[in-house]
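Right, one structure below, let's go through it.
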Amino acid sequence: ETGVTQTPRHLVMGMTNKKSLKCEQHLGHNAMYWYKQSAKKPLELMFVYSLEERVENNSVPSRFSPECPNSSHLFLHLHTLQPEDSALYLCASSQASYSGQGTDTQYFGPGTRLTVL
Amino acid sequence: GDSVTQMEGPVTLSEEAFLTINCTYTATGYPSLFWYVQYPGEGLQLLLKATKADDKGSNKGFEATYRKETTSFHLEKGSVQVSDSAVYFCALSGGRNTDKLIFGTGTRLQVFP
């Protein structure tokens with residue numbers, strides 16, 4: 001399988017459930033990202049991992065917990081979510097640059113459509 | 001801080017019409033510029049990119065030129081098709097934010113036969 005894959009593609013959960021989103025990249029990249037895409041709002045960067053270390057956490061509530069066990073896999077653990085957390089969650093990967101010349105192209109997965117009841 | 005401003009949509013066109021979606025940016029340093037496209041029910045796909053001033057990115061009939069003097073990266077296509085209906089996102093990287101993309105709010109394009 002090539003590119004960036006995400007599972008599941010669709011998820012419905014209650015507010016008391018615990019679930020996890022999975023992302024896997026087959027591109028040999030060293031940086032991975034979680035984004036939240038809500039209707040009529042800009043794309044929100046949630047977390048950035050570079051070389052398996054978290055380098056960005058954009059004030060995301062603690063009910064979202066990321067995990068990056070290696071450079072190819074990224075998880076987003078979910079617990080006690082709220083209905084307003086319903087959104088499309090996108091994973092991306094890239095080859096991060098440290099030269100000040102910008103990140104390389106980010107490649108996105110198809111997303112997980114999350115509905116919180 | 002760095003930012004990207006896109007024209008608000010939706011943009012509604014008839015098939016074979018000319019398309020322009022405006023994008024301007026604010027950044028320090030030398031950002032790279034991108035256009036991503038999101039088809040219904042899918043994630044974002046890179047459409048084209050440019051890494052330095054006066055570069056032209058092109059793909060699938062779409063073009064955009066990196067204009068440093070006007071800080072713009074407008075997306076154009078000479079003849080749109082119904083299959084081009086999607087949301088288009090302008091983005092930049094570099095400047096002060098060397099390890100992440102800054103996205104615009106997206107512009108929805110609707111093409112009718």
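Below, chain A is the first sequence line, B the second, and so on; all start at residue 1.
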From CD (A:Q106) to NZ (B:K49), nearest 0.5 Å | 11.0 Å
How far does CD of A:E44 sit from CZ of B:F103, to the nearest 0.5 angstrom?
-> 12.5 Å
Going hydrophobic residue to hydrophobic residue with side-chain gaps under 4.5 angstrom, can you get from [X] over to [Y]?
X     : Y     : answer
A:Y35 : B:L46 : yes
B:F73 : B:M7  : yes
A:L90 : A:M13 : no
A:F64 : A:L74 : yes

Considering only heavy atoms from C-beta outward, does the side chain of A:Q37 approach that of B:V87 to under 4.5 Å?
-> no
If we only count heavy atoms from C-beta on, is the B:Y36 to A:L43 side-chain gap below 4.5 Å?
-> no
Minimum heavy-atom separation for B:L44 to A:F108, with atom names?
-> O-CB, 3.1 Å
Side chain / backbone / both / neither for A:R9 at chain B, heavy atoms under 4.5 Å | side chain
Heavy-atom neighbours of B:E8 CD exceed 12 at 6.0 Å = no
Hey, is CD on B:E16 packed in by over 12 heavy atoms from elsewhere, all under 6.0 Å?
-> no
Highest number of heavy-atom pairs under 4.5 Å with chain A among B:G106, B:G43, B:A91, B:G41 belongs to B:G43
Let me know if B:Q38 has heavy atoms under 4.5 Å from chain A in its side chain, its backbone, both or neither.
-> side chain
